[in-house]
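Beneath this line is the structure, given in structure tokens, with notes to follow.
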Protein chains: 2
Amino acid sequence: MPRMREKDDAATGAGRRVTMATVGRMAGVSQVTVSRALSDPSKVSPETLRRIREAIEVTGFVPNAIAGALASSRSKLVTALVPSLTNIVYSSFVTTFSDRMRARGYQILLSETGFDPAEEEALISTHLSRRPDAMLLTGIHHSAMARRLLLGAGIPVVEVWDLSDSPIDLCVGFNHAEAGRAVADFAREFGHDTAATVTASDERAHRRQRTFSERFAARGGRRVEDVDVGGPASIGAGRRALAALLDRPSPSCSVVFCSSDLLAHGVMIEARSRGMDIPGDLALIGFGDQDFAQDLDPALTSVRVDRTRLGKDAAGALLARLEHAGAAGPVIDLGFEIVHRAST
Amino acid sequence: MPRMREKDDAATGAGRRVTMATVGRMAGVSQVTVSRALSDPSKVSPETLRRIREAIEVTGFVPNAIAGALASSRSKLVTALVPSLTNIVYSSFVTTFSDRMRARGYQILLSETGFDPAEEEALISTHLSRRPDAMLLTGIHHSAMARRLLLGAGIPVVEVWDLSDSPIDLCVGFNHAEAGRAVADFAREFGHDTAATVTASDERAHRRQRTFSERFAARGGRRVEDVDVGGPASIGAGRRALAALLDRPSPSCSVVFCSSDLLAHGVMIEARSRGMDIPGDLALIGFGDQDFAQDLDPALTSVRVDRTRLGKDAAGALLARLEHAGAAGPVIDLGFEIVHRAST
DNA sequence: TTGAAAGCGCTAACAC
DNA sequence: GTGTTAGCGCTTTCAA
């Protein structure tokens with residue numbers, strides 16, 4: 001028995017749903033021919049093509065990618081999981097990544113994990129239910145179940161923002177532990193004896209902070225004070241962090257290493273509002289080298305990571321897998337660079 | 001003749017794809033029962049449910065939402081088009097919107113239009129091919145083709161960030177023209193005679209700038225200088241804008257209205273680096289009331305728009321349409337509020 | 001160059 | 001409570 005259409009077409013304003021069959025009927029060809037005209041016009045005679053295109057124009061036909069994906073088991077969908085969209089550090093590379101993928105016909109299904117592995121696991125599962133052709137994850141720490149799901153899906157996966165010895169599949173990022181150490185060396189070279197760190201709630205940021213502190217001590221630094229802002233980075237959090245530092249019993253630090261430029265910016269504002277000179281009274285190092293770092297006064301010393309390349313390489317690695325099956329090595333180290341400016 | 005599987009299962013590491021039929025076979029029930037167990041467990045006996053769940057666990061089965069969507073013509077997908085993700089003003093409300101929709105089982109397919117109507121039209125078409133259950137657009141200006149496509153799709157649509165007399169369907173935002181006027185009145189009340197505007201490339205920002213300038217003059221202001229930064233808002237752009245203003249032949253303005261807090265922040269940095277006092281030498285008004293506005297020194301006067309409510313209301317309006325068919329009025333005016341702080 | 005037939009993996013309707 | 005049947009709108013394969 002035929003199934004009933006629930007939709008009251010007149011009421012919704014949508015005519016009967018237009019399918020390839022409808023278009024074909026109008027153009028005097030079968031549904032398959034319409035499919036061909038869309039996927040490979042060279043397989044269809046010019047005249048037929050013309051009539052089909054006309055019918056598409058008239059009807060406003062939009063192909064049903066859902067049906068296409070089901071039939072072909074290629075969804076042209078790539079899903080991405082990032083910790084936070086409001087953090088420009090992540091959103092900027094998502095933009096690059098998306099642009100690259102979109103240029104090749106892929107759409108991006110994006111979700112935020114909020115830095116929560118459990119949330120990530122749940123999202124991986126829902127995302128996989130859309131049968132994406134590939135997937136991007138931020139970071140290299142995922143629950144066992146998450147790994148299992150990903151492996152079972154049998155699709156290319158790229159993990160970004162970090163480096164791993166045992167990537168799920170592909171990996172594009174840099175070594176956070178190394179970055180922390182490099183900043184410690186940098187600070188020691190400038191003769192700083194006492195340091196402070198200001199760190200947001202982000203596992204990778206904490207890893208940088210730890211290696212910074214260890215190395216700073218190992219290289220003869222006298223002491224390091226750590227402040228955990230206990231939340232996302234922001235200017236306000238940076239201000240409060242410096243205030244907390246200066247209010248400690250025996251405050252003393254000549255350089256502050258912040259886990260992001262935003263925090264460093266807050267520290268800078270607080271310092272100047274207290275009449276401190278930067279870098280005279282306090283040297284400042286950020287992380288991420290966001291565009292505003294060079295526009296601050298004084299310009300902010302920071303650690304540059306090429307986020308644009310990160311997005312491009314992640315897309316490139318995935319596309320290589322998607323298109324030429326084989327493809328390049330699984331792990332790309334982007335490196336980092338300390339950009340020395342007036343704040344140190 | 002049965003179709004061949006191209007995939008070499010052993011090589012990809014993915015076993016034969018698990019379907020509801022596979023799970024059913026393992027649990028000793030038919031495929032439909034598995035479907036029921038997932039969509040409405042109360043329709044299945046406890047014992048059967050247990051066996052099905054076990055089979056799902058063992059196989060790592062992830063339901064195919066694509067097939068589900070095709071069969072039910074409900075995709076549980078909502079697509080959203082925003083001008084830019086790296087602009088926190090947009091990304092922050094996307095976050096709220098997504099969270100709300102996700103709580104009800106909808107996933108969000110997100111794309112950036114880059115403020116380009118042609119790009120938007122192309123994206124609307126590809127997005128519609130995924131057969132979303134609803135769609136969110138930023139702004140109220142769309143190409144004729146875009147409107148036609150949207151209307152033809154017969155799905156709920158919400159336009160945000162602006163108000164319209166003739167919304168496609170739903171609309172949540174505020175009156176930009178009014179906001180510009182309100183700021184002009186505010187500036188005049190403080191006795192400012194000469195003003196400047198600094199505006200990023202955003203149609204809505206320009207609309208605010210125009211009404212500001214008109215009203216400022218209408219209320220007896222002597223003169224307004226306009227700077228168009230010709231690109232996205234940034235601290236650097238703000239600095240350069242003030243520099244350009246001050247370098248003009250007869251520079252004179254006692255208050256600057258910026259199209260975003262970010263620009264205002266840049267203006268503030270440039271002013272202070274030139275030794276100017278804020279608000280003594282120059283009063284400053286931003287737009288958007290981003291979280292850092294209150295953390296600047298001096299704290300920044302700005303125009304607050306409740307972006308969280310914007311996201312919530314957009315989701316709420318859509319969900320109402322999606323779930324109870326009828327639902328509330330089509331246009332929600334969120335209003336705005338000038339937050340007076342130390343920079344004026 | 002075109003068409004017919006057979007699915008893709010699920011949901012909806014109906015029967016038992 | 002469970003199974004059967006018939007699609008959803010495409011792509012793939014094969015035949016003409």
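Every chain is numbered from 1 and lettered A, B, ... according to where its sequence line falls, protein lines coming before strand lines.
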Quick one: is [N] close enough that its OP1 or OP2 comes under 4.0 Å of any side-chain N or O from [X]?
{"X": "B/T33", "N": "D/dT2", "answer": "no"}
{"X": "B/T48", "N": "D/dT2", "answer": "yes"}
{"X": "B/R74", "N": "C/dA12", "answer": "yes"}
{"X": "A/T19", "N": "D/dC8", "answer": "no"}
{"X": "B/S30", "N": "D/dG3", "answer": "yes"}

* Pair of N/O donor and acceptor under 3.5 Å linking C/dG9 base with A/R131 side chain -> no
* **Check against side chain to side chain contact (heavy atoms under 4.5 Å, CB included), A/T96 and A/R307** => CA-CA 8 Å; A/T96 317; A/R307 292 190 293 278; over 6 Å; no
* Start with the C-alpha gap between B/S75 and B/R131, add the side-chain angles, then the distance that decides, and say whether side-chain hydrogen bond (donor to acceptor under 3.5 Å, both in side chains) holds. => CA-CA 7 Å; B/S75 61; B/R131 295 295 185 266; over 6 Å; no
* To do: Could you list the residues that satisfy side-chain contact (heavy atoms from CB on, under 4.5 Å) with A/V44, not counting sequence neighbours?
  =>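 side-chain contact (heavy atoms from CB on, under 4.5 Å) list for A/V44, sorted by chain: A/T33, A/R36, A/A37, A/T48, A/L49.
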* Asked: So does A/R102 pair up with B/E119, basic N to acidic O under 4.0 Å?
  -> yes
* Asked: So does B/R50 pair up with B/E47, basic N to acidic O under 4.0 Å?
  -> yes
Minimum-distance nucleotide (side-chain atoms of [X] versus [options]):
{"X": "B/N64", "options": "C/dT1, D/dC10, C/dG9", "value": "C/dG9"}
{"X": "A/A67", "options": "C/dA12, D/dG9, C/dG3", "value": "D/dG9"}
{"X": "A/R36", "options": "C/dG3, D/dT11, C/dT11", "value": "C/dG3"}

* Asked: Given axes from five pairs at either end, by how many degrees does the helix from C/dT1-D/dA16 to C/dC16-D/dG1 bend, rounded to 10°?
  ->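 One end axis against the other gives 30°.
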